[in-house]
Amino acid sequence: MSSIPTIGVLALQGDVREHRAALEASGATTVAVRRPDELAAVDGLVLPGGESTTIDKLLRIFELDEPLQARIADGLPVYGSCAGMILLADRVLGGTHDQQTLGGLHATVRRNAFGRQVDSFEADLPFAHLDGGPVHAVFIRAPWIEDVGDDVDVLARIPGDYPEPVAGKIVAVRQGSLLATSFHPEISGDRRVHEHFVQIVKES
């Protein structure tokens with residue numbers, strides 16, 4: 001891999017343009033990924049927000065599910081935001097009866113945990129391993145993580161001054177080359193999460 005990694009953004013639904021802009025501002029070259037041959041050419045991949053059940057179905061329609069699962073198992077760096085976090089998780093609570101995930105992230109994620117669209121909110125989160133103070137996070141119909149495996153590093157939680165049951169919920173994790181957040185850094189203007197993922201790709 002060159003010093004400038006090529007990072008794909010799954011372009012079936014969601015904030016594709018915003019993720020590409022944030023990644024390119026963070027020192028990566030980006031491509032939209034809709035086909036297996038495009039997936040095969042990237043050094044890392046972003047799974048954007050959107051509707052997790054719809055993206056799941058589209059992955060199967062576009063015959064991307066099995067190639068992507070194989071690349072994740074082979075160590076491809078992947079960052080999932082919001083719906084992308086759900087797709088990476090091994091287990092999902094609150095999903096539809098036929099919902100599938102790509103898996104790989106040893107965690108249980110609760111879909112739509114924070115409520116409906118009208119319950120969207122913003123928060124400033126202490127975020128492990130990132131300099132520059134709290135990350136301003138935008139939550140839109142967001143999931144949270146119920147539990148994680150021993151090999152998963154918890155990077156951010158909802159601060160304790162929020163009401164129960166929200167306070168303390170896990171909203172960002174890393175497991176090896178997999179990164180996941182409940183929130184949408186691509187729309188907040190804070191590029192540090194994307195810069196962190198670009199560094200993960202370079203190190204891989």
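In this structure a side-chain-to-backbone donor-acceptor pair under 3.5 Å is missing from Arg17 to His19. Side-chain atoms of Thr181 never come within 3.5 Å of backbone atoms of Ala172 as a donor-acceptor pair (strictly under, hydrogens ignored). Between the side chain of Gln13 and the main chain of Pro48, no donor-acceptor pair closer than 3.5 Å is present. In this structure, Arg20 contributes its side chain and Thr30 its backbone to a donor-acceptor pair below 3.5 Å. Looking only at distances, no side-chain donor or acceptor of Ser188 sits under 3.5 Å from a matching main-chain atom of Val138. A donor-acceptor pair under 3.5 Å is formed between the side chain of Arg71 and the backbone N or O of Leu39.
The side chain to side chain contact (heavy atoms under 4.5 Å, CB included) with Ile86 is formed by just one residue from the set Leu47, Val109, Asp56; it is Val109. Of the options Leu68, Leu45, Ile7, a side chain to side chain contact (heavy atoms under 4.5 Å, CB included) to Val33 is made by Leu45 and by none of the others.
Placement of Leu93 and Val173 in two distinct hydrophobic clusters is found when ILVMFWY residues are connected by side-chain heavy-atom separations under 4.5 Å, directly or transitively. Each of Val193 and Ile170 belongs to its own hydrophobic cluster when Ile, Leu, Val, Met, Phe, Trp and Tyr are linked at side-chain heavy-atom distances under 4.5 angstrom. Both Leu88 and Leu64 belong to a single network of hydrophobic side chains, linked directly or stepwise wherever heavy atoms of I, L, V, M, F, W or Y lie under 4.5 Å apart. Linking Ile, Leu, Val, Met, Phe, Trp and Tyr residues whenever their side-chain heavy atoms come within less than 4.5 Å leaves Val31 and Phe197 in two separate clusters. Leu87 and Ile145 fall within the same hydrophobic cluster, where Ile, Leu, Val, Met, Phe, Trp and Tyr residues are linked whenever their side-chain heavy atoms come under 4.5 Å apart, directly or through other members.
Within 6.0 Å of the CZ atom in Arg60, the count of heavy atoms belonging to other residues, nucleotides or ligands exceeds 12. Counting non-hydrogen atoms of neighbouring residues, nucleotides and ligands closer than 6.0 angstrom, the CD atom of Glu66 reaches no more than 12 such neighbours.
For the pair Val92/Thr108, no side-chain contact is recorded, criterion being any heavy-atom separation below 4.5 Å from C-beta on. In this structure the side chain of Val78 never reaches within 4.5 angstrom of the side chain of Ser177, judged on heavy atoms. The shortest side-chain heavy-atom distance between Ser182 and Phe139 falls under the 4.5 Å cut-off. Using a 4.5 Å cut-off on side-chain heavy atoms (C-beta onward), Ile140 and Phe121 make no contact. A heavy-atom distance below 4.5 Å is not found between the side chains of Gln175 and Asp153.
Under the side-chain hydrogen bond (donor to acceptor under 3.5 Å, both in side chains) criterion, Ser26 pairs with no residue at all, not counting sequence neighbours.
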TODO: Start with the C-alpha distance between His106 and Asp150, add both sets of side-chain angles, then the distance that settles side-chain hydrogen bond (donor to acceptor under 3.5 Å, both in side chains), and finish with yes or no.
DONE: CA-CA 8 Å; His106 303 155; Asp150 293 339; over 6 Å; no
Open item on the list: What verdict does the side-chain hydrogen bond (donor to acceptor under 3.5 Å, both in side chains) test give for His136 and Asp124, after you've listed the backbone C-alpha separation in whole Å, the side-chain angles of each residue and the deciding distance to 0.1 Å?
Closed with: CA-CA 4 Å; His136 188 70; Asp124 293 320; 2.8 Å; yes
Task: Worked check of side-chain hydrogen bond (donor to acceptor under 3.5 Å, both in side chains) between Thr29 and Glu24 - done: CA-CA 6 Å; Thr29 298; Glu24 289 171 5; over 6 Å; no
Open item on the list: Walk me through whether Phe127 and His129 qualify under side chain to side chain contact (heavy atoms under 4.5 Å, CB included).
Closed with: CA-CA 7 Å; Phe127 198 109; His129 314 307; 6.0 Å; no
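From Leu10, atom CG reaches atom CD of Glu38 across 10.0 Å, with rounding to the nearest 0.5 Å.
A salt bridge links Arg141 with Glu51: at least one charged nitrogen is closer than 4.0 Å to a carboxylate oxygen. Remark: Glu195 does not engage Arg192 in a salt bridge, criterion side-chain N to carboxylate O under 4.0 Å.
For residues 86-108, the pairs satisfying salt bridge (Lys or Arg N to Asp or Glu O under 4.0 Å) are Arg91-Asp147, with sequence neighbours left out. Sorted by first and then second residue, the side chain to side chain donor-acceptor pair (under 3.5 Å) pairs with a member in residues 161-172 form an empty list; sequence neighbours excluded.
Contact record, Gly176 with Arg174: O-NE, 2.7 Å, taken as the closest heavy-atom pair. When all heavy atoms of Ile187 and Glu18 are compared, the closest pair comes out as CG2-CG, 4.4 Å.
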